A.B. asks: 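There's a structure below that I have some questions on.
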There are 2 protein chains.
Amino acid sequence: MTAADATLRALTGYCLRRASVAAMTDFARVFARHGLRRTTFSVLTLVTERPGLRQAQVAEALAIERPNLVQIVGELEGRGLLRRETDAGDRRAQTLHPTLAGRRLVTQAMADVAEQEERLLDGLTPPQVEALRTALAVIEHNAGMQREAAHDQQVSRA
Amino acid sequence: MTAADATLRALTGYCLRRASVAAMTDFARVFARHGLRRTTFSVLTLVTERPGLRQAQVAEALAIERPNLVQIVGELEGRGLLRRETDAGDRRAQTLHPTLAGRRLVTQAMADVAEQEERLLDGLTPPQVEALRTALAVIEHNAGMQREAAHDQQVSRA
DNA sequence: TATTGTTATACTCTATAACTATA
DNA sequence: TATAGTTATAGAGTATAACAATA
């Protein structure tokens with residue numbers, strides 16, 4: 001495809017966004033069934049998979065700004081799904097640990113999410129899904145390169 | 001992949017979202033070089049491709065709520081990139097028409113967007129890109145099915 | 001009565017500056 | 001001084017209710 005015939009609906013970037021928005025809308029409904037949003041589901045799942053992470057590490061891993069994570073963790077702690085624990089070695093840091101209720105909720109929610117994902121991928125063969133994931137990884141990588149290049153340019157201009 | 005090993009990073013839905021966010025972040029930078037945002041670029045491009053559409057038709061085509069489109073069109077009209085024209089046959093309706101400046105801006109911006117898209121897809125063969133677009137269409141379709149099913153359920157409950 | 005564009009409004013997600021307490 | 005968590009706040013994007021003009 002050349003730039004000449006690149007109309008709005010022909011843009012792969014727009015197809016990517018439409019599919020993402022549609023998929024995340026469905027996922028949001030699954031999250032809501034468990035009283036979760038995308039961000040709270042992500043944080044609770046990560047903390048369950050890797051207990052003891054600091055908030056800053058969770059924020060880094062999930063690309064969430066630290067100030068925004070405070071409310072998310074507060075919400076999950078308020079519902080008794082995880083607890084904050086002051087790090088023994090560095091009393092500035094809060095490590096995060098799932099409660100039993102949190103682990104149970106993650107198990108249930110993740111099962112529903114996986115089921116929803118199967119519905120979304122219905123009609124695609126395993127090789128097609130693998131090819132999709134490869135393509136998505138390439139795009140994410142290329143976009144990251146773009147961001148770094150723009151950042152370097154900004155730095156060198158300063 | 002079964003639900004059993006579905007950790008956060010293994011979810012295809014999350015890979016899809018990360019790639020989409022990364023790609024749209026880059027596109028946003030391209031739009032900004034022309035004084036546009038994603039929404040204003042989309043509207044101006046569509047109006048240039050299909051002049052004379054009513055606002056309600058543009059909103060429907062781009063999945064933008066009509067109230068939100070008012071500001072977008074107002075911004076583009078204020079910059080002299082398109083003009084509203086009261087429909088002769090239905091004086092409630094406003095049809096949208098690109099100005100010369102608007103058409104020129106779309107040509108320039110679309111060229112940059114297509115170039116950016118090529119960078120994003122760098123490393124993928126044309127068949128791989130085609131397979132990606134097929135997979136994205138399947139996901140969007142499946143998600144739409146999900147939405148309709150949920151809506152039908154909601155209606156039948158009422 | 002229904003529809004188009006519009007106004008006002010609210011809600012979510014995200015981003016940044018600045019504070020505190022620790023290091 | 002630098003970092004972790006926090007507070008407050010601002011912005012973009014999106015969603016709904018209600019109104020005037022028109023059909």
Side-chain angles (χ1 to χ4, degrees), chain A residues 14 17-18 20-22 24-25 27-29 31-32 35-43 47 52-78 82-97 147 151 154, chain B residues 14 17-18 20-29 31-32 35-43 47 52-78 82-97 147 151 154:
Chain A
Y14 268 51
R17 181 175 189 274
R18 283 199 311 274
S20 173
V21 168
M24 292 314 298
T25 300
F27 278 124
R29 195 160 23 237
F31 297 149
L36 296 169
R37 294 168 291 133
R38 176 180 52 79
T39 47
T40 52
F41 170 78
S42 303
V43 169
V47 168
L53 283 182
R54 297 172 172 201
Q55 286 190 196
Q57 293 174 312
V58 171
E60 166 72 17
L62 298 177
I64 297 172
E65 295 301 317
R66 275 169 295 246
N68 295 330
L69 185 60
V70 173
Q71 179 212 343
I72 295 167
V73 170
E75 182 178 325
L76 291 169
E77 189 177 41
L82 58 74
R83 59 187 167 77
R84 280 184 247 238
E85 192 172 308
T86 302
D87 189 298
D90 184 345
R91 300 218 316 271
R92 294 172 302 181
Q94 299 282 314
T95 58
L96 303 180
H97 309 266
R147 255 199 301 286
H151 181 261
Q154 205 172 26
Chain B
Y14 268 51
R17 181 175 189 272
R18 282 199 310 274
S20 172
V21 168
M24 291 315 298
T25 300
D26 281 6
F27 279 124
R29 196 161 21 236
F31 297 149
L36 296 170
R37 293 168 292 132
R38 175 179 51 81
T39 48
T40 53
F41 170 79
S42 302
V43 169
V47 168
L53 284 181
R54 298 173 171 199
Q55 286 190 196
Q57 293 175 312
V58 172
E60 166 71 19
L62 299 177
I64 296 172
E65 295 301 318
R66 276 170 296 250
N68 296 329
L69 185 60
V70 173
Q71 178 213 343
I72 295 166
V73 170
E75 181 179 326
L76 291 169
E77 190 177 41
L82 58 76
R83 61 186 166 75
R84 281 184 246 236
E85 192 172 308
T86 301
D87 188 299
D90 184 344
R91 300 218 316 271
R92 292 171 303 180
Q94 299 283 314
T95 58
L96 302 180
H97 309 265
R147 255 198 301 286
H151 181 262
Q154 203 170 26

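Remember, predicted model here, so these are calculated numbers, not experimental data.
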A.B. asks: Are more than 12 heavy atoms from other residues, nucleotides or ligands located less than 6.0 Å from atom CD of B/Glu85?
C.D. replies: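 Yes, the 6.0 Å shell around CD holds more than 12 heavy atoms from other groups.
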A.B. asks: Could you tell me how far apart A/Ile72 (CD1) and C/dT14 (C1') are, to the nearest whole angstrom?
C.D. replies: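 Going from CD1 in A/Ile72 over to C1' in C/dT14 covers 10 Å.
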A.B. asks: Starting at the 5' end of DNA chain C and moving along, which residue's nearest nucleotide shows up first, A/Arg37 or A/Ala88?
C.D. replies: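 Of the two residues, A/Arg37 wins.
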A.B. asks: Nearest whole angstrom, please: distance from the P of C/dC13 to the CG of A/Leu36.
C.D. replies: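 Those two atoms, CG and P, are 12 Å apart.
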A.B. asks: Has A/Arg84 got more than 12 heavy atoms of other residues, nucleotides or ligands less than 6.0 Å from its CZ?
C.D. replies: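 Counting neighbours around CZ of A/Arg84, more than 12 heavy atoms of other residues, nucleotides or ligands fall under 6.0 Å, so yes.
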A.B. asks: Can you tell if the side chain of A/Leu36 reaches within under 4.5 Å of the side chain of A/Leu76, non-hydrogen atoms only?
C.D. replies: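 A side-chain contact exists here, since the closest heavy-atom pair is under 4.5 Å.
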A.B. asks: What one-letter contact string describes nucleotides 2-9 of chain C from 5' to 3', where B marks a base within less than 4.0 Å of any protein heavy atom, S marks contact via sugar-phosphate atoms alone, and - marks no contact?
C.D. replies: BBSSBBB-
A.B. asks: Nearest whole angstrom, please: distance from the C1' of C/dC13 to the CZ of A/Phe31.
C.D. replies: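 Checked: the CZ to C1' distance equals 15 Å.
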A.B. asks: What I'd like to find out is whether the side chain of A/Thr86 reaches to under 4.5 Å of the side chain of A/Gln94, using heavy atoms alone.
C.D. replies: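 Yes, their side chains come closer than 4.5 Å.
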A.B. asks: Could you tell me the separation between the CD atom of A/Gln71 and the P atom of D/dT7, rounded to a whole number of Å?
C.D. replies: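 Distance check: A/Gln71 CD to D/dT7 P gives 11 Å.
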A.B. asks: Would you say the side chain of B/Leu96 lies within less than 4.5 Å of the side chain of B/Leu53, judging by non-hydrogen atoms?
C.D. replies: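 No - every pair of side-chain heavy atoms lies 4.5 Å or more apart.
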A.B. asks: What integer distance in Å separates A/Asp87:CG from C/dA21:P?
C.D. replies: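 From A/Asp87 CG to C/dA21 P: 19 Å.
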A.B. asks: Could you state the CE-P distance from B/Met24 to D/dA12, rounded to the nearest angstrom?
C.D. replies: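 Going from CE in B/Met24 over to P in D/dA12 covers 16 Å.
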A.B. asks: Grab the CG-P distance between B/Leu69 and D/dA15 for me, whole Å please.
C.D. replies: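 Atom CG in B/Leu69 sits about 13 Å away from atom P in D/dA15.
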A.B. asks: Can you sort out the partners of A/Ser42 under side-chain contact (heavy atoms from CB on, under 4.5 Å), two or more places apart, ordered by chain and number?
C.D. replies: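 Expected list: A/Arg38, A/Leu62, B/Leu8, B/Tyr14.
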A.B. asks: Please report, rounded to the nearest Å, how far the P atom of D/dA8 is from the CD atom of A/Glu65.
C.D. replies: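 Nearest whole value for this atom pair: 19 Å.
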